[in-house]
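For reference, the structure discussed in these notes is given below.
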Amino acid sequence: LDDKNVIEKVEVLGGCSGNLQGISSLVVGMPAQEAIRRMRGIRCGFKDTSCPDQLALAIQTALEQNA
């Protein structure tokens, strides 16, 4: 995140490689709150979460740590 909370870079360990590479590429340059709004709550099948939801949680954590 830069000083204006715009996502500059995403590195993901684990998860669905192709999907996460695509998602990561899409959110770079996006305001963090917008990325969270778009991805938070997305579920994967019968799971309570998903790769996008986990990325949204990680972005939220980063915002809180930089506050």
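Everything numeric in this text was worked out from a predicted model, so none of it was measured.
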Do [X] and [Y] touch side chain to side chain, with heavy atoms closer than 4.5 Å?
X	Y	answer
Val28	Lys9	no
Cys44	Thr49	no
Met39	Ile23	yes

Keeping to residues at least two apart or across chains, list the side chain to side chain donor-acceptor pair (under 3.5 Å) pairs with something in residues 28-42.
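Residue pairs passing side chain to side chain donor-acceptor pair (under 3.5 Å), neighbours aside: Glu34-Arg37, Glu34-Arg38, Arg40-Asp53.
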Say whether, by atom type as modelled, one donor and one acceptor occur between the side chain of Ser24 and the main chain of Leu20 under 3.5 angstrom.
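Looks like yes, one N/O pair under 3.5 Å.
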Donor-acceptor contact present, side-chain Ser50 to main-chain Ile42, <3.5 Å
yes
Heavy atoms only: give me the nearest Val27-Ala35 pair and the separation to one decimal.
CG1-CB, 4.1 Å
Rounded distance [0.5 Å steps], SG in Cys51 versus CG in Asn19:
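That separation rounds to 7.0 Å.
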Only pairs under 3.5 Å count here: list side-chain donor-acceptor contacts from residues 55-63, not counting sequence neighbours, and write none if there are none.
residue: Gln60; atom: NE2; partner: Glu64; partner atom: OE2; Å: 3.3
residue: Thr61; atom: OG1; partner: Leu57; partner atom: O; Å: 3.0

Going only through I, L, V, M, F, W and Y residues with side-chain contacts under 4.5 Å, is there a path from Leu26 to Val12?
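Looking at the clustering, Val12 is in a separate group from Leu26.
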Step by step, would you call Ser25 with Gln21 a side-chain hydrogen bond (donor to acceptor under 3.5 Å, both in side chains)?
CA-CA 6 Å; Ser25 178; Gln21 287 178 46; over 6 Å; no
